[in-house]
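First the structure, in the form of structure tokens, and then the observations on it.
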Amino acid sequence: MSDTFLPQVVDTLRVVSLRCVECSALYPGIEVGQPPRYRCDCGSVLDVEMALPPSGVQASSRQHSLSPFLDSSRDIALSDGVKWRQLFDERAAKPPIWSMDTGTSLLDHSGVWRYRELILPVPEEYIVSRPEGNTNLYPVGMENCGSGRAGHRQIGLYAGLEQFYLKHEGENPTGSFKDRGMTVGVTMAQVLGAQAVACASTGNTSASLASYAAQAGLRAIVFLPAGNVAGGKLAQTVAYGAQTIQIQGDFDDAMRLVEQICGERGIYLLNSLNPFRVEGQKAIGFELLQQLDWQAPDWLVLPAGNLGNTSAIGKAFRQAYQYGITGHLPRIASIQAAGANPFYRSYRQNFARRETTQAHTIASAIKIGNPVSYTRARRVIEESDGIVEEVTDEEILAAKAVIDRSGIGCEPASAATLAGVRKLVANGIIKRDDRVVGILTGNLLKDSTTAMSQQSNAVVIEATLDAVRKALDVQL
Ligand code: F0G
């Protein structure tokens, strides 16, 4: 890592600190001449804290470091939710750029950097963005799905919900929500002058890291659990040029090893242990609030593995509420696979103990037994009056078939969302008329093997009209 930073970088990042989620110790966001910090001295994980100036964000001021981001003469008091909403709505309203040249700013067009004051203040020239985000929020409830969506309504019927939306994070550039964290993580790698970046992954983080590292011209190294990564994810990772190291072990082994080797070799670690990645993933929360005209839903439901996303979306809602951007905090429901359920088991004991497990599930993306962001996510569940639920592999596959057949489609882990919603509605925890947003985390094509094994309606026939007629007479 660089021993010297440009004064502009030091200035902009001076407002950023890292706070231990366990013992509250505080560290600077960057320390000149020191390796990057991912953990507190007590061993726990860190959370980014931004000391926004008490008077708010003033573009005209030269005293603090958010000014490079802001439109001239913009002056927003921190808790002035109306002005924040106006700012973000103006940026979202700008027409898309069809032809991009190197001089064009992409920041307003990214579903992450549009919210940059609440994500990370860094000089624009360091930002590595595709751009990402801007994913659809599909109305799929029995009431709100509207005309022309008979297929989507099947999802609402299956869930038992009138007002239901699915936000498809599989529509990000590499097909998963990981791009939102990775744009910020790789940007930090640039700021720090890193030569190489690495992660352990069940596949989506590795695909995303490989893509963003390639864009930035950085060396990428990924540690994968051998034999447990879906084909589409592995293909992306290899094709984008990352060095792929398959470990004879599970994700938790890969995670332990990558953390050690990054420290030893000075490689920048880009798992969600890296607090800056979590900041990027917050944008899922901001964007869905904006798509709902800043009216927070009653519930937000998502699949949970390493717990980075639960932590990030929960933090986004907390900040949106604190800054007056939205009027109330949604309740968060994290859904785990029953065979990979350490967070669920801990929740069932009122979080009295942290649990670990030997994970087994068809949803390989969330096959994780020792989640890194446990403490962050626990805070989110507690403060949002949230809930942790588990669903079986059978329930996941049944829900996936409903999402796939509706024409939307997703990878298996994402379907835990719908399986969880259905269970929570059936148990009366989510009410039939609650407004619910579910997150679909990954694209159907990530795991085509599971998708193919679920449907058997593909036939090969002779090239004759007669054979075609016979094939069409078979009822699906
Ligand atoms: N859904 C998908 C498709 C994922 O890839 C992941 C995590 C999750 C849900 C769970 O999110 O870990 O933040 O609780 N995938 C990581 C990876 C572990 O390596 O791609 P989480």
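In what follows, residues are counted from 1 in the order of the sequence shown. This is a predicted model, so every value here is computed, not measured. Both counts, for ligands and for their atoms, begin at 1 and track the order of listing.
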Query raised in the report: Between R180 and E169, is the closest basic N to carboxylate O distance under 4.0 Å?
Result: yes

Query raised in the report: Among protein heavy atoms, which sits nearest to atom 11 (O) of ligand 1, and what does the distance come to when rounded to 0.1 Å?
Result: F177 CZ, 3.5 Å

Requested in this report: Indicate the ring-plane relationship of H152 and Y138, choosing parallel, tilted or perpendicular according to the 30° and 60° boundaries.
Outcome: perpendicular

Query raised in the report: Hey, does T310 come in under 3.5 Å of ligand 1, counting only N/O atoms on both sides?
Result: no

Query - Pairwise distance CH2(W294) to CD1(I325) - rounded to 0.5 angstrom - result: 6.0 Å

Query - Element-labelled atoms of ligand 1 that are located less than 4.0 Å from some non-hydrogen atom of I366 - result: 8 (C), 9 (C), 10 (C)

Requested in this report: Would you mind listing which atoms of ligand 1 come within a distance below 4.0 Å of any non-hydrogen atom of N204?
Outcome: 2 (C), 3 (C), 4 (C), 5 (O), 20 (O)

**Report entry** Atom indices of ligand 1 within 4.0 angstrom of T441 heavy atoms, with elements
**Finding:** 1 (N), 2 (C), 3 (C), 9 (C)

Requested in this report: Output yes when a side-chain donor or acceptor of S448 lies under 3.5 Å from a complementary backbone atom of A451, and no otherwise.
Outcome: no

Query - Atoms of ligand 1, numbered as shown, that sit under 4.0 Å from any heavy atom of N306 - result: 12 (O), 14 (O), 21 (P)

Query raised in the report: For ligand 1, is there an N or O atom under 3.5 Å from any N or O atom of G442?
Result: no

Query raised in the report: Can a donor-acceptor pair be found between the side chains of R114 and N134 at a distance below 3.5 Å?
Result: yes

Query raised in the report: Hey, is ligand 1 close enough to Q281 that some N/O pair sits below 3.5 Å?
Result: no

Query raised in the report: Should L302 be listed as contacting ligand 1, given a heavy-atom distance under 4.0 Å as the test?
Result: no

Query raised in the report: Side chains of Q260 and R256: is there a donor and an acceptor less than 3.5 Å apart?
Result: no

**Report entry** Atoms of ligand 1, numbered as shown, that sit under 4.0 Å from any heavy atom of I368
**Finding:** 18 (C)

Query - Closest approach of any protein heavy atom to atom 17 (C) of ligand 1, naming residue and atom - result: T205 OG1, 3.0 Å

Report task. Check whether the side chains of Y115 and Q290 place a donor and an acceptor atom closer than 3.5 Å, and report yes or no. Result -> yes

**Report entry** T202: numbered ligand 1 atoms lying under 4.0 Å from its heavy atoms
**Finding:** 15 (N), 16 (C), 17 (C), 18 (C), 19 (O), 20 (O)

Report summary line: the protein heavy atom lying closest to atom 4 (C) of ligand 1 turns out to be A365 CB, 3.5 Å

Query raised in the report: Taking atom types as modelled, is there a side-chain donor on N136 or K167 under 3.5 Å from an acceptor on the other?
Result: no

**Report entry** Sub-4.0 Å atoms of ligand 1 with respect to non-hydrogen atoms of G308
**Finding:** 13 (O), 14 (O), 21 (P)

Query raised in the report: At a 4.0 Å threshold, what atoms of ligand 1 neighbour a non-hydrogen atom of A304?
Result: 14 (O)

Query raised in the report: Is A200 close to ligand 1, meaning an N/O of one under 3.5 Å from an N/O of the other?
Result: no

Query - Side-chain H-bond candidate by donor/acceptor type, N172 with E132, under 3.5 Å - result: no

Query raised in the report: Could an N or O of ligand 1 be found under 3.5 Å from any N or O of K178, whether backbone or side chain?
Result: yes

Report task. Indicate whether any N or O donor in one side chain lies under 3.5 Å from an N or O acceptor in the other, for Y27 and S17. Result -> no

**Report entry** Distance-only donor-acceptor check, side chains S364 and N228, under 3.5 Å
**Finding:** no

Query raised in the report: With distance as the sole criterion, is a donor-acceptor pair present between the side chains of Y38 and N271 under 3.5 Å?
Result: no

Query raised in the report: Going by distance only, is there an N or O of S206 that falls short of 3.5 Å from an N or O of ligand 1?
Result: no

**Report entry** Heteroatom distance test (S201, ligand 1): nitrogen or oxygen, under 3.5 angstrom
**Finding:** yes

**Report entry** For atom 13 (O) of ligand 1, the protein heavy atom that lies nearest, with its residue and separation
**Finding:** N309 N, 2.8 Å

